[in-house]
There are 2 protein chains.
Amino acid sequence: MYAALADGSRRTMVDRLSRGPATVKQLAEPLTMSLPAVLQHLRVLEESGLVRSEKVGRVRTCRLEPAALQQAEQWIADRRAGWTARLDRLEAFLEEDEQ
Amino acid sequence: MYAALADGSRRTMVDRLSRGPATVKQLAEPLTMSLPAVLQHLRVLEESGLVRSEKVGRVRTCRLEPAALQQAEQWIADRRAGWTARLDRLEAFLEEDEQ
DNA sequence: CTGATGGTTAAGCACTTGCTTAAGTATCCA
DNA sequence: TGGATACTTAAGCAAGTGCTTAACCATCAG
């Protein structure tokens, strides 16, 4: 899933989708690459669970899957929390030592 | 930076570091790969800004850089926020429509 | 029906990544 | 001093990634 976010073009796509659903064409518009390339990025995003899409007529509409984003966010938050907790304990220890 | 977190071995290293500083040897211990491979992962983590390390004697000690982690977390949080804000507006609109 | 639109598939290619082994270098300890 | 410890560098390689072009399929509008 972080692998999906590792690519700049894909982050641009996620950014676009965070402002609302979009078609493949619309996702491709700000990107300087061929449509097949965009399709491949979209596939990566879908496989990571970050994006869901469905086709109506000849138009495929994509939308963000906030639950997946939250999961990624949570992992980082947890590691960071562990680290700051450690710092707090160290601080408390130094404080205690001072007395 | 997400590229740095994209690899499982590197996430294992970050996880270890979230529980406190560690030497290269300690980081390598849970990983089933050669030491040079670990060094290469460490280099990626340092270049991403997620980890800082310094060498004393013959031992290199690594520690997490929480600011970088927070930055990654923030980006995700922002995209997610944009999306949920959209949902809220939609909900408000539907509610209004109902009256 | 026919052309334009929106998407899809397949093949190929340059470049990057994630390892490996082999051969160092620089401490530290007895 | 001499061996063990803790990294470090360099070279090489198999697999994966991010594109491309060419060709194709399925709507939709006129």
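The chains referred to below are lettered A, B, ... by the order of the sequence lines, with proteins before strands, and numbering in each begins at 1.
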Restricting to side-chain hydrogen bond (donor to acceptor under 3.5 Å, both in side chains), what partner residues turn up for Ser53(B), sequence neighbours left out?
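Result, side-chain hydrogen bond (donor to acceptor under 3.5 Å, both in side chains) vs Ser53(B): Glu46(B), Arg60(B).
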Asp78(B): partners by side-chain hydrogen bond (donor to acceptor under 3.5 Å, both in side chains), with sequence neighbours left out
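In terms of side-chain hydrogen bond (donor to acceptor under 3.5 Å, both in side chains), with neighbours along the sequence ignored, Asp78(B) is linked to Gln74(B).
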Roughly how far apart are [X] [atom1] and [Y] [atom2], rounded to 0.5 Å?
X	Y	atom1	atom2	answer
Leu27(A)	Lys25(A)	CG	NZ	12.0 Å
His41(A)	Leu31(A)	NE2	CG	7.0 Å
Ser48(B)	Arg10(B)	OG	CZ	8.5 Å
Leu5(B)	Leu50(B)	CG	CG	5.0 Å
Met1(A)	Trp75(A)	CE	CH2	11.5 Å

Residue closer to the 5' end of DNA chain D, Gln40(B) versus Gln26(B) (nearest nucleotide):
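On the 5' side of the pair lies Gln26(B).
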Could you tell me whether the phosphate oxygens of dT17(C), OP1 or OP2, come under 4.0 Å of any side-chain nitrogen or oxygen in His41(B)?
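Indeed not, no polar side-chain atom of His41(B) lies that close.
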For [X], which residues count as a salt bridge (Lys or Arg N to Asp or Glu O under 4.0 Å) partner, sequence neighbours excluded?
X	answer
Arg80(A)	Glu73(B)
Arg63(A)	none
Arg52(B)	Glu65(B)
Arg79(B)	Asp15(A)

Can you list the residues that meet the side chain to side chain contact (heavy atoms under 4.5 Å, CB included) rule with Glu29(B), with sequence neighbours excluded?
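Counting only residues at least two positions away or on another chain, Glu29(B) forms no side chain to side chain contact (heavy atoms under 4.5 Å, CB included).
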Name all residues meeting the side chain to side chain contact (heavy atoms under 4.5 Å, CB included) criterion together with Ala28(A); count only those two or more places apart in sequence or in a different chain, and write none if there are none.
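Side chain to side chain contact (heavy atoms under 4.5 Å, CB included) list for Ala28(A), sorted by chain: Leu35(A), Val38(A).
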Axial bend angle, the helix from dC1(C)-dG30(D) to dA30(C)-dT1(D): five-pair end segments, nearest 10°:
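Overall, the helix from dC1(C)-dG30(D) to dA30(C)-dT1(D) bends by 30° from one end axis to the other.
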How long is the line joining [atom1] of [X] and [atom2] of [N], in whole Å?
X	N	atom1	atom2	answer
Lys25(A)	dA4(C)	NZ	C1'	11 Å
Leu39(B)	dT21(C)	CG	P	15 Å
Leu35(A)	dT9(C)	CG	P	12 Å

Please work out which residues in residues 2-16 of chain A have a non-hydrogen atom less than 4.0 Å from an atom of DNA chain D and list them by number.
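Contacts with DNA chain D under 4.0 Å: Asp7(A), Ser9(A), Arg10(A).
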Protein within reach of the bases, or only the backbone? For nucleotides 23-30 of chain C, mark each nucleotide 5' to 3' as B, S or -, using heavy atoms under 4.0 Å.
----BS--
Tell me, please, the opening and closing nucleotides of DNA chain D, 5' to 3', among those with an atom under 4.0 angstrom from a non-hydrogen atom of chain A.
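Under 4.0 Å from chain A, the extent on DNA chain D is dG18(D) to dC28(D).
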